[in-house]
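Following: one structure in structure tokens, then a few remarks.
If you're wondering where the values come from, they're calculated on a predicted model, not measured in any experiment.
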Amino acid sequence: MESHLRSHHATNNKLPAISYELQAMKLLITGGAGFIGSNLAEELSRENQVTIIDDLSSGRMENIQHVLNSGNVTFIQGSITDLPLLQDALKGAAFVFHQAALASVSRSVEDPLLCHEGNATGTLNVLIAARDNQVKKVVCASSCALYGDSPVLPKREDMLPEPQSPYAVTKLAGEHYCHVFSSVYGLPTICLRYFNVYGPRQRPDMGFHKFIQAALQDRPIVVYGDGEQTRDFTYVADAVEANWLALGPRA
């Protein structure tokens with residue numbers, strides 16, 4: 001069911017050659033005006049018709065304006081909590097890349113119900129619409145937050161999840177929904193557990209962005225704790241490649 005994504009070095013924005021072709025298909029990206037979603041739309045729209053759904057609560061039009069001008073991308077402003085909207089948007093779609101989420105641990109703590117509606121209920125809506133429209137596969141964005149504070153390294157997919165926030169709980173619920181829709185309804189799904197994705201169009205409130213900007217501007221860098229802690233970081237082009245490869249065979 002799940003596939004976690006560890007970081008590795010990337011020297012440019014170009015993706016390596018993919019072992020199969022995705023051409024002339026209709027693809028749908030939820031949250032496609034956001035950080036990862038917009039990078040995904042940029043790559044996939046080169047040879048496919050892409051529909052983006054985004055409510056612009058955190059996504060930005062400037063992230064996708066250049067791809068909208070290509071003629072291969074359709075933008076729908078709306079929420080994944082709107083099931084009728086999803087049902088209509090997914091007509092004729094071959095694959096779904098589900099990136100939309102309330103992706104803030106702090107906001108999930110402040111408003112757990114809003115986080116649940118956007119992440120858990122929203123994911124359920126995407127799966128229902130994908131099932132009803134006979135989509136070939138759903139690639140769902142999950143999170144390394146599922147592992148909680150476990151000190152065990154490296155992380156493994158067979159480790160017991162230990163979510164420490166409402167956000168992490170909603171991502172775990174989404175994974176379980178994906179598994180159930182695969183086993184009960186025969187809808188192929190896969191979940192990618194992202195590890196601290198960074199790169200072009202990342203949100204300015206992200207810790208990685210703040211850290212780098214402070215270094216570039218010769219400002220004091222705030223370090224919490226003893227400074228000995230480490231993290232995995234995943235370049236956004238690697239996350240896009242993982243989504244692409246997660247489709248597997250097209251047939």
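- We find the CG-CG distance between Leu27 and Leu44 to be 5.5 Å, quoted to the nearest 0.5 Å.
- Contact detail for Gly32 and Ile52: the closest heavy-atom pair is CA-CG2, 3.5 Å.
- The only option from Asn39, Thr234, Asp238, Val240 that meets the side chain to side chain contact (heavy atoms under 4.5 Å, CB included) definition with Val197 turns out to be Thr234.
- The minimum heavy-atom distance between Ser182 and Thr189, with the atom names listed, is OG-OG1, 2.8 Å.
- Counted by atom type alone, Tyr194 and Gln99 present one or more donor-acceptor pairs between their side chains at under 3.5 Å.
- Contact of the Leu102 side chain with the Tyr167 side chain is not registered, since no non-hydrogen atoms from C-beta on lie closer than 4.5 Å.
- For Thr30 and His98, the side-chain atoms include at least one donor-acceptor pair closer than 3.5 Å.
- Contact detail for Ser38 and Arg201: the closest heavy-atom pair is OG-NE, 2.9 Å.
- Residues Leu86 and Ile53 have side chains in contact (heavy-atom distance under 4.5 Å, counting atoms from C-beta outward).
- Heavy-atom contacts from other residues, nucleotides or ligands closer than 6.0 Å to OH of Tyr177 number 12 or fewer.
- In plain terms, the two heavy atoms of Lys155 and Met159 that are nearest each other are CA-SD, 3.6 Å.
- The structure places CG of Leu192 at 11.5 Å from OG of Ser143, a figure rounded to the nearest 0.5 Å.
- In this structure, Asp111 CG and Glu117 CD are separated by 8.0 Å, a value rounded to the nearest 0.5 Å.
- The same ILVMFWY cluster, assembled from side-chain heavy atoms under 4.5 Å apart, contains both Val152 and Phe195.
- Side-chain atoms of Asn72 and Val67, non-hydrogen and from C-beta on, never get closer than 4.5 Å to each other.
- A continuous path of hydrophobic side-chain contacts links Leu124 to Val184 [ILVMFWY only; heavy atoms under 4.5 Å].
- Side-chain contact check for Glu42 versus His66: some heavy-atom pair is nearer than 4.5 Å.
- One hydrophobic cluster holds both Met61 and Val50 under the rule that ILVMFWY side chains link at heavy-atom gaps under 4.5 Å.
- When only modelled atom types and interatomic distance are considered, Glu175 and Ser142 share a side-chain donor-acceptor pair under 3.5 Å.
- Of all non-hydrogen atoms in Asp54 and Gly34, the two that sit nearest each other are OD2-N, 3.5 Å.
- The hydrophobic clustering, which links ILVMFWY residues whose side-chain heavy atoms are closer than 4.5 Å, places Val105 and Leu172 apart.
- The number of heavy-atom neighbours closer than 6.0 Å to CG of Asn69, taken from other residues, nucleotides and ligands shown, is above 12.
- In this structure a side-chain-to-backbone donor-acceptor pair under 3.5 Å is missing from Thr121 to Gly118.
- Counting non-hydrogen atoms of other residues, nucleotides and ligands closer than 6.0 Å to CD of Glu162 gives a total above 12.
- A side-chain donor-acceptor contact under 3.5 Å links Gln87 and Asp132.
- For Tyr147 and Arg193, the side-chain atoms include at least one donor-acceptor pair closer than 3.5 Å.
- Under a hydrophobic clustering in which Ile, Leu, Val, Met, Phe, Trp and Tyr are joined whenever their side-chain heavy atoms come within less than 4.5 Å, directly or via other members, Phe75 and Leu40 fall into the same cluster.
- Ile64 is not listed as a side-chain neighbour of Val73, based on a closest heavy-atom distance of 4.5 Å or more.
- Atoms CD and OG1, from Gln49 and Thr51 in turn, are 8.0 Å apart once rounded to the nearest 0.5 Å.
- Across Ile29, Val96, Asn243, a single residue satisfies side chain to side chain contact (heavy atoms under 4.5 Å, CB included) together with Val139, and that is Asn243.
- For the pair Lys137 (side chain) and Ala246 (backbone), a donor-acceptor distance under 3.5 Å is present.
- Annotation: side chain of Pro163 is not in contact with side chain of Leu146 (no heavy-atom distance under 4.5 Å).
- Rounding to the nearest 0.5 Å places NZ of Lys136 at 10.0 Å from CG of Leu247.
- Asp232 places none of its side-chain heavy atoms less than 4.5 Å from the side chain of Cys144.
- Contact detail for Lys171 and Ala141: the closest heavy-atom pair is NZ-O, 2.8 Å.
- Side-chain contact between Phe181 and Pro188 is absent, with no heavy atoms from C-beta onward closer than 4.5 Å.
- Between Leu85 atom CG and Asp55 atom CG the span is 10.5 Å, to the nearest 0.5 Å.
- Atom CZ of Arg107 is surrounded by 12 or fewer heavy atoms from other residues, nucleotides or ligands within 6.0 Å.
- Looking at Asn119 and Thr170, their side chains do bring a donor and an acceptor atom within 3.5 Å of each other.
- Stacking of Arg131 on the aromatic ring of Tyr185 is recorded, both the 6.0 Å distance cut-off and the 45° axial limit being met.
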